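One structure below.
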Amino acid sequence: MSQAQNITWHQSAVTKEDRRKQNAHQSFVIWLTGLSGSGKSTLANELAKELYQRQVRNYVLDGDNIRHGLNKDLGFSDEDRKENIRRIGEVSKLFVDSGTVVLTAFISPFIEDRESARQILGEGEFHEIYVKCPLEECEVRDPKGLYKKARKGEIREFTGIDSPYEEPASPEFVVDTQAYSIEECTAQVIAYLESKNLI
Ligand SMILES: Nc1ncnc2c1ncn2[C@@H]1O[C@H](COP(=O)(O)OS(=O)(=O)O)[C@@H](OP(=O)(O)O)[C@H]1O
Ligand SMILES: Nc1ncnc2c1ncn2[C@@H]1O[C@H](COP(=O)(O)OP(=O)(O)O)[C@@H](O)[C@H]1O
């Protein structure tokens, strides 16, 4: 139940624009979505290094890490994934308000939830990047051995196995991590950001 009716919004004395001016760059969210093992965490961290070298303040929010703390009360039911993504949308908004570039690495399997996150952010602040990789290739990679467990029935509601992944219909950008190397995918996203004058 929302308690918002008894709460008053406080305007910040230092605005988002002030912070962006001080940082000398825009702030926005790069929302990576894709199957487990598609390359979200790897790409987010490569992008973070590249942005850091360019003096762009940035921060990675990663599913595995956030689920150890802020979202440790959530599991993998559709409902819990929805709440997971809602909270990440809200946290991302705070980071963007602070003048930071946010790199999110969550499966975020449902179109509706990703669109809700987009709505939380302002116009031009949400860049959905589909980290595209066929399920078969993700299963071969299986960096954490989770697909193997899911196939044996040891993990339930695993994305791509017995829980759905809804591909983005019109993402801002797509990286094909089966066809291109980590370095190439990173360069492609950086080129996208440059083409939009975001960095
Ligand atoms: N049932 C099930 N389905 C999918 N993934 C599972 C599951 N159980 C554990 N894991 C591990 O949790 C990581 C996904 O967490 P996310 O917060 O990104 O998921 S979601 O966006 O809420 O769907 C995911 O990390 P990535 O492999 O980095 O995607 C897995 O390591
Ligand atoms: N082009 C690529 N981009 C990202 N990862 C890749 C690529 N090619 C191969 N990989 C490998 O795929 C795996 C992806 O794992 P990870 O980044 O943890 O994925 P996710 O966060 O989506 O679960 C890593 O072992 C990584 O080295």
Side-chain angles (χ1 to χ4, degrees), residues 29-51 59-92 95 102-118 120 126 128-168 171 173-193:
V29 184
I30 301 173
W31 189 282
L32 304 171
T33 172
L35 290 169
S36 177
S38 59
K40 302 178 301 294
S41 304
T42 303
L43 263 178
N45 282 291
E46 289 301 314
L47 288 165
K49 279 196 282 181
E50 185 65 33
L51 293 175
Y59 198 76
V60 175
L61 297 175
D62 190 288
D64 275 325
N65 296 352
I66 295 289
R67 282 174 172 279
H68 274 101
L70 177 67
N71 289 353
K72 69 175 173 191
D73 56 324
L74 301 177
F76 290 92
S77 65
D78 291 2
E79 196 130 306
D80 279 6
R81 290 181 200 254
K82 186 186 190 68
E83 176 61 10
N84 185 36
I85 298 311
R86 186 192 71 78
R87 291 184 199 172
I88 299 312
E90 293 288 356
V91 170
S92 297
F95 271 95
V102 193
L103 301 145
T104 67
F106 295 83
I107 298 175
S108 43
F110 301 120
I111 291 174
E112 190 186 17
D113 300 342
R114 295 194 300 266
E115 283 312 301
S116 298
R118 183 188 291 279
I120 290 170
F126 185 92
E128 183 180 30
I129 298 188
Y130 178 25
V131 183
K132 191 175 176 185
C133 187
L135 177 65
E136 303 73 52
E137 168 68 11
C138 292
E139 271 202 84
V140 170
R141 291 181 186 173
D142 205 4
K144 301 168 202 152
L146 295 178
Y147 282 102
K148 203 172 283 171
K149 283 190 183 168
R151 287 292 184 195
K152 283 200 268 178
E154 291 170 13
I155 306 178
R156 290 285 160 81
E157 297 183 294
F158 197 80
T159 306
I161 308 296
D162 55 353
S163 184
Y165 178 78
E166 297 173 358
E167 288 197 333
F173 198 69
V174 180
V175 277
D176 183 338
T177 69
Q178 188 182 36
Y180 297 99
S181 69
I182 296 169
E183 295 73 25
E184 287 169 321
C185 292
T186 306
Q188 288 168 12
V189 177
I190 292 291
Y192 163 76
L193 298 176

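Every number for a ligand or one of its atoms is a count from 1 in the order of the listing. Here the structure is a predicted model, which is why all the values come from computation and not from measurement.
Residue Asp62 does not touch ligand 2, judged by heavy-atom distances below 4.0 Å. When heavy-atom distances to ligand 2 are checked against a 4.0 Å cut-off, Cys185 comes that close only through its side chain, counted from C-beta outward. Contacts between Ile66 and ligand 1, counted as non-hydrogen atom pairs separated by less than 4.0 Å, are absent for every part of the residue. Residue-level proximity to ligand 1 for Phe158 is carried by backbone and side chain together, each with a heavy atom below 4.0 angstrom. Looking at Asn71 against ligand 1, nothing comes within 4.0 Å, counting heavy atoms. Proximity of Ile85 to ligand 1, defined as any heavy-atom pair under 4.0 Å, is confined to the side chain (atoms from C-beta onward). Under 4.0 angstrom from ligand 2, the non-hydrogen atoms of Arg141 all belong to its side chain. When heavy-atom distances to ligand 1 are checked against a 4.0 Å cut-off, Ile107 comes that close through both its backbone and its side chain.
Using cut-offs of 30° and 60° on the angle between ring planes, the pair Tyr59 and Phe95 is parallel.
Considering every non-hydrogen atom in both Leu35 and Cys133, the closest pair reads CD1-O, 3.6 Å. When every heavy atom of Glu157 is checked against every heavy atom of Arg81, the shortest pair comes out as O-NH2, 2.7 Å.
Between Ser163 and ligand 1 there is no heavy-atom distance shorter than 4.0 Å. Residue-ligand proximity: Val131 is placed with every non-hydrogen atom at 4.0 Å or more from ligand 2.
Salt-bridge check for Glu90 with Arg87: failed, with every basic side-chain N at 4.0 Å or more from each acidic carboxylate O. Using a cut-off of 4.0 Å between Lys/Arg side-chain N and Asp/Glu carboxylate O, Asp142 and Arg151 are scored as not salt-bridged. Salt bridge annotation for Glu83-Arg86: present, with a cationic side-chain nitrogen under 4.0 angstrom from a carboxylate oxygen.
Using a 3.5 Å distance cut-off with no hydrogens or angles, the side chains of Tyr165 and Thr33 do pair a donor with an acceptor.
Annotation: side chain of Asp64 is in contact with side chain of Lys144 (closest heavy-atom distance under 4.5 Å).
Listed by number with element, the atoms of ligand 1 under 4.0 angstrom from any heavy atom of Arg156 are 1 (N). Close approach of ligand 2 to Thr42 (heavy-atom distance below 4.0 Å) involves ligand atoms 4 (C), 5 (N), 14 (C), 15 (O), 16 (P), 17 (O), 24 (C), 26 (C). For ligand 1 and Lys40, the ligand atoms under 4.0 Å from any heavy atom of the residue are 29 (O). For ligand 2, the atoms lying closer than 4.0 Å to a non-hydrogen atom of Ser36 are 23 (O). Annotation for ligand 2: atoms under 4.0 Å from non-hydrogen atoms of Leu35 are 22 (O). Atoms of ligand 1 lying under 4.0 Å from any heavy atom of Pro109, numbered from 1 in the order shown and given with element: 21 (O), 23 (O).
Evaluated for a ring pair (Phe, Tyr, Trp, His ring centres under 6.0 Å) with Phe173, the options Tyr130, Tyr192, Trp31 yield exactly one hit, Tyr192.
Between the side chain of Asp176 and the main chain of Ala179, a donor-acceptor pair closer than 3.5 Å is present.
Looking only at heavy atoms of the protein, atom 8 (N) of ligand 1 is closest to Phe76 CE1, 3.4 Å. Residue, atom and distance of the protein heavy atom nearest to atom 15 (O) of ligand 1 are Arg67 NE, 3.3 Å. Among protein heavy atoms, the minimum distance from atom 20 (S) of ligand 1 is reached at Asn84 ND2, 3.7 Å. The protein heavy-atom contact nearest to atom 30 (C) of ligand 1 is Leu146 CD1, 3.4 Å. Protein heavy atom in closest approach to atom 27 (O) of ligand 2: Ile182 CD1, 3.7 Å. Looking from atom 1 (N) of ligand 1 to the surrounding protein, the closest heavy atom is Glu157 O, 2.8 Å. In terms of protein heavy-atom proximity, atom 23 (O) of ligand 1 is closest to Arg81 NH1, 2.8 Å. Of all protein heavy atoms, the one closest to atom 1 (N) of ligand 2 is Tyr180 O, 2.8 Å. Looking only at heavy atoms of the protein, atom 26 (P) of ligand 1 is closest to Lys144 NZ, 3.1 Å. Looking from atom 21 (O) of ligand 1 to the surrounding protein, the closest heavy atom is Ser108 N, 2.8 Å. When hydrogens are left out, the protein atom nearest atom 25 (O) of ligand 2 is Pro143 CB, 4.3 Å; that is the closest non-hydrogen contact.
Of the polar atoms of Ser38, at least one N or O is found under 3.5 Å from an N or O of ligand 2, judged by distance alone. In terms of N/O distances under 3.5 Å, ligand 2 is not approached by Leu43. Note: an N/O pair closer than 3.5 Å links Ser36 and ligand 1 by distance alone.
We find the OG1-CD1 distance between Thr177 and Ile182 to be 9.0 Å, quoted to the nearest 0.5 Å.
Of all the listed residues (Ser181, Gly39, Gly37), Gly37 holds the heavy atom that lies closest to atom 23 (O) of ligand 2. Looking at Ile155, Thr159, Asp64 and measuring to atom 4 (C) of ligand 1, the nearest heavy atom belongs to Thr159.
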| message | Set out, in order, the CA-CA distance, both residues' side-chain angles and the distance that settles side-chain contact (heavy atoms from CB on, under 4.5 Å) for Leu135 and Glu139, then state yes or no. | response | CA-CA 6 Å; Leu135 177 65; Glu139 271 202 84; 4.2 Å; yes
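Few gaps surround CD on Glu154; more than 12 heavy atoms of other groups in view lie less than 6.0 Å from it.
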